[in-house]
2 protein chains.
Amino acid sequence: MTKQRFTIKDVASRAGVAVSTASLVLNNKGYVSSDLRKKVQLAVEELGYVPNRTARSLINKATGNIGFIVSEEHFSTAEPFYTRVFLGTEFEARQQDFYVLLTTVPNKFHSSHIPRFILERNVDGVIFAGKISEAYAKAVISENIPSVVVDFEFKQVRIPAINIDNTRGTALAVEHLFKLGHKKIAFIGGDMDHPSIRSRLDGYLEAIERFGLDKCDSLISTEEPGTGTEDGYQAAKKLLSRKSDFTSVVACNDAVAIGAIRAFRENGMNLPDDCSTVGFDDIELCDNIDPRLTSISVPKEDLGATALRILSRMIKEKERPISSVLIEPRLVARQSTVSLS
Amino acid sequence: MTKQRFTIKDVASRAGVAVSTASLVLNNKGYVSSDLRKKVQLAVEELGYVPNRTARSLINKATGNIGFIVSEEHFSTAEPFYTRVFLGTEFEARQQDFYVLLTTVPNKFHSSHIPRFILERNVDGVIFAGKISEAYAKAVISENIPSVVVDFEFKQVRIPAINIDNTRGTALAVEHLFKLGHKKIAFIGGDMDHPSIRSRLDGYLEAIERFGLDKCDSLISTEEPGTGTEDGYQAAKKLLSRKSDFTSVVACNDAVAIGAIRAFRENGMNLPDDCSTVGFDDIELCDNIDPRLTSISVPKEDLGATALRILSRMIKEKERPISSVLIEPRLVARQSTVSLS
DNA sequence: AAACTTTGTCGAAACGTTTCGCTATTTTGA
DNA sequence: TCAAAATAGCGAAACGTTTCGACAAAGTTT
């Protein structure tokens, strides 16, 4: 049996006031004399009183919870991208006095997959993380629950999106390579219907144009269906088969970069001299492969914390939400990029 | 504003009964005639009534939540071991009608790091995941909150522990190698004060003795402080420096195995012919390195689900808890182990 | 001086649900 | 036949907290 706890009745009794007076003090509301206020505060301290969240939730009609929905495949991957995003939300939740309930759902929607916390109305808001079926968002919106999405953008549903500035990220990568003297910069990717990946290609193209560099289709390989290591490997093979004499590559993410590196090695290339490579996301493995991978760093915890903060404001202040937020990436230079010699 | 919901008052009104009668039907309690029971059930269906968890929690004095505490370093690692354990708990929580609140804490205890959900009494039970300071467990116990630990065992605190049968796991590894004709089987590890790693060494030793194999200290390298890839690399180097003519190795986990493989390669060894290697945990990378790593598979979701189930029973039925549970591992044979030729 | 406003404190209703105890009827056992 | 038990349905208290409205005193404005 859990330890017995003091309630506001005990606090009131000990301070010699009414329960409603104690509540006014606890919530810093109404008029309470300085004298009585101090008595209540002393009683709270002496008893170690902690308000009962459940009772507060019932009367305030607010659960104090936020739901975090991520697809199964996204959450269990070897790289803890969404784990870190989640940790960012959990950390900010401590400041905002919320609890985050995490659940995974299959990417393919079915009404039976709608999370319990939506059906039971056990959350005040929802954060969607990453690529996920839009039907889930529609289900949440139909319940009039405020929501935001992180690291993704729905095609039809209009909710605030918190994303890395992908365009800026790959532009930074191109700039980095350009400054190292590279003129023939390729781009490899896959899963091009993913809006983040699409933006990364846009950023690459924009920078190529800005620096007046070679922009031809033979430098771009984006036909693979996914963005895993194997997709990177295949995309790189295709790039190589075109004999397009690139001296460097911007990959749409680190897994693709790692796969590309394997393909270049198999092609007998001496890395990084024969080809500089930049990835995106700055996963842990960047520091553990050879050569250690230059990458565009995504502050994953910041994504999560920002999402939680925006959603909190939507919930607490019923204010019109911000349309979207882009978070600034930065480039982490490692051994995989060198000056063109 | 969230969509208005029907309450039990609406259900009662629509069924033409008292609220208490409706509650008896919903909870399958007391005596209610078949006729009235059906009327209530129909009203529930027609209105799409879902009980308010908050109101139930208040009257039942049970939050319906379980806390999941894992150290920061454990949860953010590149391999989602505890992510999967957590997902196991989340999945079982759906069946047991609990929500799991996940929080990370620094491994080094400080009273300010005690999770909010303990201080606020917002959980009915707690699951500790992995190596973590015993002071956290003491804080939870002092609040009379039921708790269990997964993939770890506290030295002093006595709470149910759900672990892989580590001893059995490494014994399986030795058996596998023995059946492939190996007689000189080494063991490499680190962080030997971790009870799981200690048990894995014990299992190796037990099997070596059972099969009447060579058991000498020069075949064991366990001086490294951790169990990461780099620790495996160093442990393997030490093993090699002894010139002890082992033909196979059991590693205390996959990261150590992967590090060891790198060391063997640097030593000019032809893998897997010159040395068979078995890891432990069966992480994703096992399928992605060369040679693909034979490993002792740990059903991580089962660990989590079992922990949740045991804790649920402790909470709901106030029963005396099971002392501990060992979950059976299994060996997944891949390319890193071959017959001795 | 009188009317109005502000300050101060408290009682009780409310939030949505569960369960106890009351009253009445029916069934069962001695 | 009568007493006890089971069946049936309901009213109201309770869970812990918040807030509204009532009442009183003090201060301000006309």
Side-chain angles (χ1 to χ4, degrees), chain A residues 1-41 43-44 47-65 97 119-124 316, chain B residues 1-41 43-44 47-65 97 119-124 316:
Chain A
M1 194 66 62
T2 59
K3 194 190 283 181
Q4 199 62 25
R5 285 170 61 191
F6 292 105
T7 74
I8 197 167
K9 286 167 180 162
D10 302 304
V11 171
S13 180
R14 188 178 188 104
V17 298
V19 168
S20 47
T21 304
S23 182
L24 291 173
V25 174
L26 288 166
N27 291 290
N28 217 17
K29 283 177 177 174
Y31 302 100
V32 182
S33 68
S34 181
D35 185 51
L36 286 195
R37 178 178 303 278
K38 278 168 185 158
K39 279 177 173 172
V40 171
Q41 284 162 347
V44 167
L47 298 177
Y49 165 76
V50 174
N52 184 307
R53 272 185 89 90
T54 307
R56 276 188 161 176
S57 291
L58 183 61
I59 193 71
N60 290 337
K61 288 176 176 266
T63 66
N65 299 326
D97 195 31
L119 301 175
E120 294 175 0
R121 302 307 306 275
N122 193 29
V123 292
D124 303 328
K316 285 175 177 173
Chain B
M1 196 65 63
T2 59
K3 191 190 282 183
Q4 199 62 24
R5 284 171 62 193
F6 292 106
T7 74
I8 196 169
K9 285 168 180 163
D10 302 305
V11 171
S13 179
R14 188 177 187 106
V17 300
V19 168
S20 48
T21 306
S23 182
L24 290 174
V25 174
L26 287 167
N27 291 289
N28 217 18
K29 282 177 175 175
Y31 302 101
V32 182
S33 68
S34 181
D35 183 53
L36 286 195
R37 178 179 302 280
K38 278 167 184 159
K39 281 176 170 172
V40 170
Q41 284 164 344
V44 167
L47 298 179
Y49 166 78
V50 173
N52 184 308
R53 271 186 88 89
T54 306
R56 277 187 161 177
S57 291
L58 183 61
I59 194 71
N60 290 337
K61 288 178 176 266
T63 65
N65 299 327
D97 193 33
L119 302 175
E120 293 176 357
R121 303 307 306 276
N122 194 27
V123 292
D124 303 328
K316 285 174 178 174

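Sequence lines set the chain letters: A, B, ... in the order given, protein chains first and strands last, and positions in each chain run from 1. Treat the numbers as computed from the prediction; the structure is a model and nothing was measured.
Donor-acceptor pairing under 3.5 Å, judged by distance alone, is absent between the side chain of B/Thr21 and the base of D/dG9.
Within a heavy-atom distance below 4.0 Å of DNA chain C, the residues of residues 29-40 of chain A found are A/Tyr31, A/Val32, A/Ser33, A/Leu36.
For the pair A/Ile8 CD1 and D/dC15 C1', the interatomic distance rounds to 14 Å; values are reported in whole Å. Between the NZ atom of A/Lys9 and the C1' atom of C/dA12 there is a distance of 12 Å, given to the nearest Å. Regarding A/Arg121, its CZ atom lies at a distance of 18 Å from the C1' atom of C/dT17, rounded to whole Å. Atom-to-atom, CG of A/Asp10 to C1' of D/dT17 comes out at 13 Å; the value is rounded to the nearest Å. Residue B/Arg5 contributes atom CZ, which lies 15 Å from atom P of C/dC15 at whole-angstrom precision. Summarising the geometry, the separation between CG on B/Asn60 and P on D/dC15 is reported as 13 Å, rounded to the nearest angstrom. The interatomic distance linking A/Asn122 (CG) with C/dG16 (C1') rounds to 14 Å, in whole Å. Atom CZ in A/Arg53 sits about 14 Å away from atom C1' in D/dT17, given to the nearest Å.
Counting heavy atoms from C-beta outward, B/Val17 and B/Lys39 have side chains that stay 4.5 Å or more apart. The side-chain heavy atoms of A/Lys38 and A/Val25, taken from C-beta on, include no pair separated by under 4.5 Å. Counting heavy atoms from C-beta outward, A/Ile8 and A/Pro51 have side chains that stay 4.5 Å or more apart. Using a 4.5 Å heavy-atom threshold, the side chains of B/Val44 and B/Phe6 count as separate. Using a 4.5 Å heavy-atom cutoff, the side chains of B/Arg121 and B/Thr63 are not in contact.
For A/Asn27, a side-chain nitrogen or oxygen approaches OP1 or OP2 of D/dT18 to under 4.0 Å. Checking the phosphate oxygens (OP1, OP2) of D/dT18, a side-chain nitrogen or oxygen of A/Ser23 falls inside 4.0 Å. Close to C/dT18, at under 4.0 Å from its OP1 or OP2, lies a side-chain N or O of B/Arg56.
Looking only at distances, no side-chain donor or acceptor of A/Ser57 sits under 3.5 Å from a matching main-chain atom of B/Thr54. Remark: the backbone N or O of A/Lys29 is not paired with any side-chain donor or acceptor of A/Asn27 at under 3.5 angstrom.
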Evaluate A/Leu58 against A/Arg53 for side-chain contact (heavy atoms from CB on, under 4.5 Å), listing each step before the verdict.
CA-CA 9 Å; A/Leu58 183 61; A/Arg53 272 185 89 90; over 6 Å; no
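Note on A/Phe6: nothing from the nucleic acid sits closer than 4.0 angstrom, heavy atoms only. Using a 4.0 Å heavy-atom cutoff across all strands shown, B/Val17 reaches sugar-phosphate atoms only and no base atom. Residue contacts shown for B/Thr7 are limited to sugar-phosphate atoms, with no base heavy atom under 4.0 Å away.
In this structure, the nucleotide among C/dC10, C/dG16, D/dT18 sitting nearest to the side chain of A/Ser20 is C/dC10. When distances run from any side-chain atom of A/Leu58 to the nucleotides C/dC15, C/dT18, C/dC10, the shortest one goes to C/dC15. The nucleotide whose nearest atom lies closest to any side-chain atom of A/Lys61 is, among D/dT19, C/dG16, D/dC10, C/dG16. With distances taken from any side-chain atom of A/Leu24 to the nucleotides D/dG11, C/dC10, C/dT18, the minimum falls on C/dC10.
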